Amino acid sequence: MDKENIKKIIKVLSETYPNAKCALEFQSPYELLVSTILSAQCTDVRVNQVTEELYKNYNTPEKMISLTEEELGEKIKSCGFYKNKSKNILGATRNIIQKYGGKVPKTMEELIELPGVGRKTANVVLSNAFGVPAIAVDTHVFRVSNRLGIAKGDTPEKVEKDLMENIPREMWSDTHHYLIWHGRQICKARKPQCEVCPVAPYCEYFNDEVKE
Ligand code: SF4
């Protein structure tokens with residue numbers, strides 16, 4: 001897709017979702033890191049409910065590490081996959097204390113070395129906690145980008161690379177939020193609501209459907 005079309009899509013999405021932002025609630029980079037690990041296969045609403053309680057007493061690496069895997073697992077149980085998530089959160093926390101003096105590191109290379117942290121989580125933290133331009137490719141960003149045609153790829157890494165090439169750097173973080181909100185509200189996984197979609201005129205999927 002040519003870059004002019006991509007610009008138009010981003011402009012329309014920015015007007016449609018002017019308040020699009022990270023739906024996870026957090027007060028520090030560490031809280032966002034933990035919340036993002038918890039959000040795998042879980043809704044942001046549920047994560048916020050769980051962390052509202054959890055962060056009352058365990059909102060820093062030093063406090064979190066006082067919990068055992070079982071104790072933390074109990075507190076985050078309703079987020080699903082709690083055994084793994086508990087193990088990863090405590091593993092990442094231990095690393096942050098031992099290697100980074102209790103501060104969440106600020107680079108992709110360091111973040112993805114932490115247990116349970118992949119590129120998506122790292123990008124969420126970089127973008128929302130540290131203001132570093134980044135595009136985290138979750139299931140919505142992956143699907144909507146491919147349908148629209150603003151990035152093509154069969155893996156999140158390919159879509160991330162394409163988006164970074166096609167979109168100006170200063171727009172990466174906002175575009176990430178627009179695509180998530182669009183995926184949640186209109187371009188849904190099972191049944192995209194193309195008939196009410198404001199970017200339908202520019203969308204490859206829609207235009208291919210119309211032609212058929
Ligand atoms: Fe998604 Fe349909 Fe909109 Fe394209 S036109 S972005 S497929 S909802």
Side-chain angles (χ1 to χ4, degrees), residues 1-26 32 35-49 79-81 108 118-129 131-212:
M1 178 181 286
D2 71 68
K3 294 208 172 163
E4 274 313 302
N5 234 18
I6 294 176
K7 258 195 204 161
K8 282 182 201 150
I9 288 173
I10 296 173
K11 183 164 184 291
V12 174
L13 290 178
S14 72
E15 289 161 0
T16 311
Y17 309 108
N19 301 317
K21 63 177 176 63
C22 181
L24 293 170
E25 279 159 23
F26 63 97
L32 179 59
S35 292
T36 310
I37 294 175
L38 288 175
S39 72
Q41 311 286 324
C42 180
T43 64
D44 291 345
V45 173
R46 173 55 59 92
V47 172
N48 289 337
Q49 284 166 355
C79 291
F81 302 98
M108 170 63 76
R119 285 192 71 85
K120 191 197 84 174
T121 299
N123 274 326
V124 168
V125 172
L126 286 173
S127 156
N128 296 290
V132 177
I135 302 183
V137 178
D138 70 353
T139 177
H140 300 295
V141 175
F142 182 78
R143 180 183 72 254
V144 178
S145 300
N146 268 301
R147 280 183 181 158
L148 279 167
I150 61 174
K152 289 283 182 190
D154 53 7
T155 64
E157 290 74 22
K158 283 188 200 158
V159 168
E160 182 186 336
K161 191 166 167 283
D162 239 25
L163 287 171
M164 287 164 75
E165 277 170 18
N166 291 339
I167 294 169
R169 189 176 150 85
E170 67 276 11
M171 291 303 299
W172 288 354
S173 297
D174 286 342
T175 303
H176 156 80
H177 292 124
Y178 301 149
L179 294 172
I180 290 180
W181 283 43
H182 192 55
R184 284 186 178 147
Q185 296 183 26
I186 294 181
C187 192
K188 297 179 184 178
R190 295 230 179 103
K191 202 173 180 309
Q193 298 170 348
C194 304
E195 60 289 352
V196 296
C197 178
V199 286
Y202 315 110
C203 174
E204 277 188 12
Y205 174 94
F206 179 73
N207 286 305
D208 288 351
E209 293 275 298
V210 170
K211 274 180 210 145
E212 274 167 15

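Note that this is a predicted model, so its numbers are computed, not measured. Note that ligands are numbered from 1 as they come in the structure, with each ligand's atoms numbered from 1 the same way.
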Discussion item. Side chain, backbone, both or neither: which applies to L148 and ligand 1 if a contact is any heavy-atom pair less than 4.0 Å apart?
Written reply: side chain

Worksheet item: If you count the atoms of ligand 1 from 1 in the order shown, which ones are under 4.0 Å from a heavy atom of F206?
Response: 5 (S)

Worksheet item: How close does the nearest protein non-hydrogen atom get to atom 1 (Fe) of ligand 1, and which residue and atom is it?
Response: C187 SG, 2.4 Å

Worksheet item: Can you list the ligand 1 atoms lying under 4.0 Å from a non-hydrogen atom of A200?
Response: 5 (S)

Item to complete: Consider only side-chain N and O atoms of H177 and Y17, and report whether a donor and an acceptor are under 3.5 Å apart.
Response: no

Worksheet entry | Heavy-atom side-chain proximity of R46 to Q49 below 4.5 angstrom | yes

Worksheet entry | Identity and distance of the protein heavy atom lying nearest atom 2 (Fe) of ligand 1 | C194 SG, 2.4 Å

Worksheet item: Which of the atoms in ligand 1, numbered in the order shown and given with their element, are less than 4.0 Å from a heavy-atom of R147?
Response: 7 (S)

Worksheet item: Just wondering, do R119 and P156 contact through their side chains at under 4.5 Å, heavy atoms?
Response: no

Discussion item. Looking at every heavy atom in both Y202 and N5, which two are closest together, and how far apart are they?
Written reply: CD2-OD1, 3.5 Å

Response to the item:
Separation between CD1 (I150) and CD1 (I167), nearest 0.5 Å, reads 4.5 Å

Practice prompt. Starting from atom 7 (S) of ligand 1, find the nearest protein heavy-atom neighbour and note its residue, name and distance.
Written response: Y205 CD2, 3.2 Å

Fill in: Salt-bridge contact E15-K11 (side-chain N to carboxylate O under 4.0 Å)
yes

Worksheet item: Any N/O/S of C203 under 2.8 Å from atom 4 (Fe) of ligand 1?
Response: yes

Worksheet item: Does the side chain of D44 come within less than 4.5 Å of R184's, by heavy atoms?
Response: yes

Worksheet item: Do NZ/NE/NH1/NH2 and the carboxylate oxygens of E4 and K8 come within less than 4.0 Å?
Response: no

Worksheet item: Which protein non-hydrogen atom lies closest to atom 3 (Fe) of ligand 1, naming both residue and atom, and how far is it?
Response: C197 SG, 2.4 Å

Item to complete: Work out whether the distance between some heavy atom of K188 and some atom of ligand 1 is less than 4.0 Å.
Response: no

Worksheet item: What atoms in ligand 1 come closer than 4.0 Å to a heavy atom of H182?
Response: 3 (Fe), 6 (S)

